Amino acid sequence: MPELPEIETVRRGLAPVMEGVRIVQADVNRPDLRWPFPENMSNRLTGAKIERLRRRSKYILADLDTGESLMIHLGMSGRMLISGAKLGTFTHDHPPAEKHDHVVFHLENGARVTFNDPRRFGAMDLLDTKTADSHKLLATIGPEPLGNSFDEAYLADALQNKGSPVKSALLDQRIVAGLGNIYVCETLYRARISPLRKAGQLSKLRVKSLVPIIRQVLTEAIEAGGSSLKDFRQADGDLGYFQHSFDVYGREGEPCRTDDCANTIMRAVQSGRSSFYCPTCQR
DNA sequence: ATGGGGGCCTGCCGGC
DNA sequence: TGCCGGCAGGCCCCCA
């Protein structure tokens, strides 16, 4: 489900409730998600103060005052929902427990944060804060697309000589962090590049044009609170609304939004995933 | 060495 | 109404 804008939206929603706050109890309702939870996870979280919530790619990292960081991945269907906290002028009451509430954090400020994940593609792990970046799941991830080290020279170099379609290259987390199927489709439409085009065949100029477009799409999506299709909710339960701004994703057979283009949006399957694009505008 | 496909899970939707 | 196939925003791992 969630790509970088959705994870950033969740992080921003959780931060005011969790940062500087102690966990008084952690309910761990099953032994695993995608992988087994770390040893004694509940005990290692209980009593820990969350000093900072940060994001790396699609992972949320909660730095604790114990020297450990809790790493959270939402997989395809994961949610982190706040209850019992005053959010603005509104207090969310604690809802009854739901199916797939796998981990519940009880905070000293009376708030509760519930991790719910029907498909269980999510993950949690505890890692040494000092060496968190070298965790197996984080070590090979490429630069943050909204950070300084992601620039035109970097991307041109990374895509040079790539024989795979540009769609696959942009989905490859080693090249750039945090993009998923939706935002790659939207980026390629705005860049007027066909998802089927081999990455290494693109002119330097066209590759470079991708950098500001990627930044723009992600920034707009974050400002919109992410995209809500089936599963995604912000941490306060609200929907994101960037899905209303999709030009191509999920619009197979609908008219292309480019002025004077008479074509309709097509769907192609690339390495098992749907690519949506306009065959006229995207070359 | 890289690229593609399978698999992990559950839920939902459309068609028969 | 019910069953079945197909599909879903991610990503590791295996194989060629």
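Owing to the predicted nature of the structure, the values given are computational and were not obtained by experimental measurement. Letters A, B, ... mirror the listed sequences (proteins, then strands); counts begin at 1.
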Got a list of side-chain donor-acceptor pairs under 3.5 Å for residues 65-76 of chain A, not counting sequence neighbours?
residue : atom : partner  : partner atom : Å
A:Asp65 : OD1  : A:Lys49  : N            : 3.0
A:Asp65 : OD2  : A:Arg22  : NH1          : 3.3
A:Thr66 : OG1  : A:Glu68  : N            : 3.4
A:Glu68 : OE1  : A:Arg44  : NE           : 3.3
A:Glu68 : OE2  : A:Arg44  : NE           : 3.4
A:Glu68 : OE2  : A:Arg44  : NH2          : 2.6
A:Ser69 : OG   : A:Asp63  : OD1          : 2.6
A:Ser69 : OG   : A:Thr129 : OG1          : 2.7
A:His73 : ND1  : A:Gly75  : N            : 2.9

Across all chains, not counting sequence neighbours, the salt bridge (Lys or Arg N to Asp or Glu O under 4.0 Å) partners of A:Asp151 are none
Contacts satisfying salt bridge (charged side-chain N to carboxylate O under 4.0 Å, His left out) that involve residues 179-189 of chain A (not counting sequence neighbours) are none
Bounded by its outermost nucleotides with an atom under 4.0 Å from a heavy atom of chain A, the footprint on DNA chain B reads B:dG3 to B:dG11
Listing for DNA chain B: consecutive Watson-Crick or G-U pair runs of at least 3, distance cutoff 3.5 Å, ranges ordered by first number, gives B:2-8 with C:10-16, B:10-16 with C:2-8
Are the ring of A:Phe121 and the six-membered base ring of C:dG10 within the stacking cut-offs of under 5.5 Å and under 30°?
yes
Show me, pair by pair, the donor-acceptor contacts under 3.5 angstrom made by side chains of residues 131-138 of chain A, not counting sequence neighbours?
residue  : atom : partner  : partner atom : Å
A:Ser134 : OG   : A:Thr131 : O            : 2.7
A:His135 : ND1  : A:Leu137 : N            : 3.0
A:His135 : NE2  : A:Asp125 : OD2          : 2.9

So, with a heavy-atom separation below 4.0 Å from DNA chain B, the residues of residues 94-102 of chain A are A:Lys99, A:His100
Hits for ring-ring contact (aromatic ring centres under 6.0 Å, His included) against A:Tyr189, two or more places apart or cross-chain, chain-then-number order -> none
When rounded to whole Å, the CD to P distance for the pair A:Glu252 and C:dC7 reads 10 Å
Contacts satisfying side chain to side chain donor-acceptor pair (under 3.5 Å) that involve residues 241-250 of chain A (not counting sequence neighbours) are none
Applied to residues 142-174 of chain A, the ring-ring contact (aromatic ring centres under 6.0 Å, His included) test, sequence neighbours excluded, yields none
Residues at least two apart in sequence or cross-chain that pass side chain to side chain contact (heavy atoms under 4.5 Å, CB included) with A:Asp172, listed by chain then number, are A:Arg174, A:Ile175
Provide the distance between the two P atoms, one in C:dG5 and one in B:dG7, to the nearest whole Å.
16 Å
For nucleotides 11-16 of chain C, 5' to 3', base contacts (B), sugar-phosphate-only contacts (S) and non-contacts (-) with protein non-hydrogen atoms under 4.0 Å give BBS---
